[in-house]
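Following: one structure in structure tokens, then a few remarks.
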Amino acid sequence: MTIAAASKVKRDLSSDDDDDVPLSQTLRKRKIDSASSASSHDDADPYDSDEAISKISKKKKTKRIKTEPLSSPPSPKKKTTTPKPKKIKKENSDVKVKATKKKKEQKKKQEEEDQEAEDQKLKDEEDEYKWWEKENEDDTIKWATLKHNGVIFPPPYQPLPSHIKLYYDGNPVDLPPQAEEVAGFFAALLESDHAKNPVFQKNFFNDFLQVLKENGGTLNNVELKEFSRCDFTKMFDYFQVQKEQKKQLTSQEKKQIRLEREKFEEDYKFCELDGRKEQVGNFKVEPPDLFRGRGAHPKTGKLKRRVNPEDIVLNLSKDAPIPPAPEGHKWGEIRHDNTVQWLAMWRENIFNSFKYVRLAANSSLKGQSDFKKFEKARQLKSHIDAIRRDYTRNLKSKVMLERQKAVAIYLIDVFALRAGGEKSEDEADTVGCCSLRYEHVTLKPPNTVIFDFLGKDSIRFYQEVEVDKQVFKNLTIFKRPPKQPGHQLFDRLDPSILNKYLQNYMPGLTAKVFRTYNASKTMQDQLDLIPNKGSVAEKLLKYNAANRTVAILCNHQRTVTKGHAQTVEKASNRIQELEWQKVRCKRAILQLDKGLLKKEPKYFEEIEDLTKEDEATIHKRIIDREIEKCQRKFVRENDKRKFEKEELLPETQLKEWLEKVEEKKQEFENELKTGEVELKSTWSSVEKIKAQVEKLEQRIQTSSIQLKDKEENSQVSLGTSKINYIDPRLSVVFCKKFDVPIEKIFTKTLREKFKWAIESVDENWRF
DNA sequence: TGAAGAACTTAGGAAAGTATCC
DNA sequence: GGATACTTTCCTAAGTTCTTCA
């Protein structure tokens, strides 16, 4: 049974088995789908005639304004209302860090800089703003003053060397740089799954041809007609070489590059919010590229156009200096809207929607939003019983809308489904609760439901679960003919109806609050089960197991990494080898003192567990590995010598190494034949070997636990729930109570993001 | 009132960085 | 000390929800 199902059983919402009262009797005429034909049958059975049925997988025509696919995005429209700040805080002195151009006198300078950075950090910490110790302020006004330096634009396109070209029917193609850039985007992905996706290819090729046309076509009059006749391999190879060269730089060179980059970014990385220095999140404008939609995305592969300063709207204080636009350009618009959190925005050309530059996760504004989110989820604690009572009752409501609401909230509450908003044709076909369709739910009497659909990011949600009997009955009704695949299960619902209903219980309550609530509640319950004993590593493992329970509840998945199967195999082999070594030790003990077998039969039991076949396999594996190691060592050593122009190792050297391995092989073969171990010099007494056995046992246990953890985590992503759903205060309390360093649970970035939590709770705090 | 617009949170994969192994 | 494995951060897509407008 899945965790979600288990939690469901725990809560077990009882329902009696009354038959359904005809829903149609109380159904009033409703206008569900304005797009559908207006039939009005007030009293008939809803599923015979109700117009809601026409809501066949209703997709928005286009969610956003349609624009020509490749036209430059229009400048964002100016807001008509200018919000008035309710209070203006006194501005502090300008703390902007002025980048001074120093010459590189390497070490000494570096040390000085490090010291400076340290000092600055300390200074920052001193006057750090602990918003969580202040009174809750009005949150419609996000700031009184906001100063920043704008955004960083991606570097202009660097044309490829003249011998690197696209080939068409085997002939080189001379492209104008604008088109070459787009071809390069594709070439860079040549070995990825994207490049093999026909939709991606088609979208890319259309946009590529259009850019080519806009720029006068190919320079050597090759006419490009078909994607399949294009050959991008030369470009791809070139990018690979460049990547390799970058990798080959010395660590010193890499560091130098990093430092220069950091210095350049410094001015953009921070802004001044109400006089305080705060970090900006995504201060870099997204570079042009091919849009990589997830799942079966109709627009995947389309060209994401380069964003120019003219496309950008900056948001800052009226009195803040306007950062200069890049040479020869000007900003699209300057705005002074202190009711929003963003510093800059632009309209992108794929969906014609906005992209925003915001503050970083460790900023006060983000922190406050986060805090409020968890407090809201905690507030749900005092309403959840009433909500569950009501939806259990409403599962039998005579009003269809009420039944649908009840079932939907049940699913959201028990299985942690997302709200499920409407989607347009030009997005991937994914669903959430309200948008579930006939084919996503299979009913197996008496009360088993199989959910199988693609959720956010086209991640599959598959669960076979037992549900409340009345829920099962209602789902049967929602699927009754004439409904068929393609039809909406909840034909009278959408998230806004659901959320409006939820707000009756609690202001601000929406479908997504349930996910936060149930995730944090589950974490609290799981943590409560952990005994306060054992090593830090053991406690951590338990914490991760609790975290995993939450991740599974929220269906947070990740793709299994490429080498996973191999890694697991390797690790299990190692464990098997450790077991074998243990057996060998025990054999050695008996060789020293045969009498022990009778005295401690249990201790020596496992000697018999190891079969000859297993032992032979282990021997072979070890020997093969050693041989391979020798060969690798030989090649590596000679490569190095060749590079340093030294004399190469002779083949006899390799032979010598291999002979040693051969000796070992003989030893193993003997051992297998006689069952006698060759005693090592360190095995001088029974006690010494027993101590070694103990060490091996410890290693086996640790490795086994780690392997199990790794396997269980291979498809589950713990991060998302840790970052977004589990109240960080729970983790802080766990660390305090169990004496686990917070660093073991939160990375540096997370510690910064959750500073408010780390500094605000004691060990008695509960979610 | 509903659709579109806007603003925000949530999400997985890629890239970069770090630790560990040999 | 280099290769490899693992962890963390970055990037930006994809959701939800709130607001505005006709």
Side-chain angles (χ1 to χ4, degrees), chain A residues 31 33-35 60-65 76-77 79-81 83 140 142 189 192-193 243 246-247 251 254-255 258 281-282 284-287 289 291-295 297 299-300 304 337 339-342 345 347-348 350-356 358-361 365-366 369-370 373 418-424 427-428 430-432 434-435 455-459 494-500 503 508-513 515-516 554-559 561-564 566-567 570-571 625 629 632-633 636 639-640 706 710 713 717-721 723-725 746-750:
Chain A
K31 197 182 171 204
D33 184 356
S34 58
K60 283 187 186 174
K61 283 273 156 42
T62 36
K63 202 160 132 194
R64 296 134 183 152
I65 302 167
K77 203 172 61 184
K79 262 195 173 179
T80 45
T81 49
T140 56
K142 313 284 183 184
L189 297 172
S192 72
D193 289 343
K243 251 190 212 169
K246 212 172 139 194
K247 238 161 79 184
S251 51
K254 283 181 194 163
K255 192 179 172 191
R258 199 188 66 227
N282 53 333
K284 288 178 187 163
V285 169
E286 292 175 21
D289 201 352
F291 171 69
R292 297 177 218 184
R294 299 180 189 153
H297 201 298
K299 292 201 171 192
T300 193
K304 231 171 78 169
D337 183 354
T339 65
V340 292
Q341 294 193 1
W342 53 267
M345 71 158 172
R347 206 185 267 283
E348 51 84 48
I350 303 289
F351 297 106
N352 204 36
S353 66
F354 293 130
K355 297 271 189 175
Y356 298 91
R358 296 164 193 286
L359 289 159
L365 277 180
K366 288 273 192 189
S369 308
D370 224 24
K373 174 184 79 184
R418 296 188 182 81
E422 197 182 344
K423 295 194 75 181
S424 74
E427 292 171 286
T430 62
V431 297
C434 294
S435 48
K456 181 176 177 180
D457 290 312
S458 293
I459 296 292
D494 66 34
S496 80
I497 294 172
L498 208 60
N499 287 340
K500 212 172 271 172
Q503 325 243 313
L509 181 59
T510 60
K512 83 193 267 284
V513 180
R515 266 169 85 81
T516 316
C554 295
N555 200 38
H556 291 145
Q557 300 184 22
R558 60 171 182 170
T559 47
T561 50
K562 258 189 221 155
H564 176 72
Q566 211 184 350
T567 313
K570 233 175 166 174
R625 204 161 56 211
K629 217 190 306 180
R632 260 212 314 266
K633 191 175 156 192
R636 200 172 49 222
D639 275 351
K640 200 174 123 196
Q706 279 172 351
K710 193 176 280 173
N713 274 346
S717 158
L718 302 187
T720 309
S721 49
I723 294 168
N724 301 298
Y725 288 102
F746 290 153
T747 61
K748 185 170 149 274
T749 337
L750 275 191

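Among residues two or more places apart in sequence or in another chain, the side-chain hydrogen bond (donor to acceptor under 3.5 Å, both in side chains) test is passed with A:Lys142 by none. The salt bridge (charged side-chain N to carboxylate O under 4.0 Å, His left out) check on A:Arg515 picks up nothing, with sequence neighbours excluded. Annotation: ring-ring contact (aromatic ring centres under 6.0 Å, His included) contacts of A:His297 (sequence neighbours excluded): A:Phe291, A:Phe351. For A:Lys456, there are no salt bridge (charged side-chain N to carboxylate O under 4.0 Å, His left out) partners at least two apart in sequence or on another chain. Contacts of A:Arg294 classified as salt bridge (charged side-chain N to carboxylate O under 4.0 Å, His left out), with partners at least two apart in sequence or in another chain: A:Asp457. Residues satisfying the salt bridge (charged side-chain N to carboxylate O under 4.0 Å, His left out) criterion with A:Lys243, sequence neighbours excluded, are absent altogether. Remark: A:Thr749 pairs with no residue by the side-chain hydrogen bond (donor to acceptor under 3.5 Å, both in side chains) rule, at least two apart or across chains.
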Do any N or O atoms of the protein come closer than 3.5 Å to N or O atoms of nucleotides 15-18 of chain B, and which pairs are they?
none

List every contact pair, protein side and nucleotides 8-12 of chain C side both N or O, where the distance is under 3.5 Å.
{"unit_1": "C:dT9", "atom_1": "OP1", "unit_2": "A:Thr749", "atom_2": "N", "d": "3.4"}
{"unit_1": "C:dT9", "atom_1": "OP1", "unit_2": "A:Thr749", "atom_2": "OG1", "d": "2.3"}
{"unit_1": "C:dT9", "atom_1": "OP2", "unit_2": "A:Thr747", "atom_2": "OG1", "d": "2.8"}
{"unit_1": "C:dT9", "atom_1": "OP2", "unit_2": "A:Thr749", "atom_2": "OG1", "d": "2.4"}
{"unit_1": "C:dT9", "atom_1": "O5'", "unit_2": "A:Thr749", "atom_2": "OG1", "d": "3.1"}

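Listed pair A:His556 / B:dG12 fails the phosphate criterion, with no side-chain N or O lying under 4.0 Å from OP1 or OP2. For A:Asn724, no side-chain nitrogen or oxygen approaches OP1 or OP2 of B:dT9 to under 4.0 Å. An OP1 or OP2 oxygen of C:dC6 is reached within less than 4.0 angstrom by a side-chain nitrogen or oxygen of A:Lys710.
A donor-acceptor contact under 3.5 Å links the side chain of A:Lys456 to the base of B:dT10.
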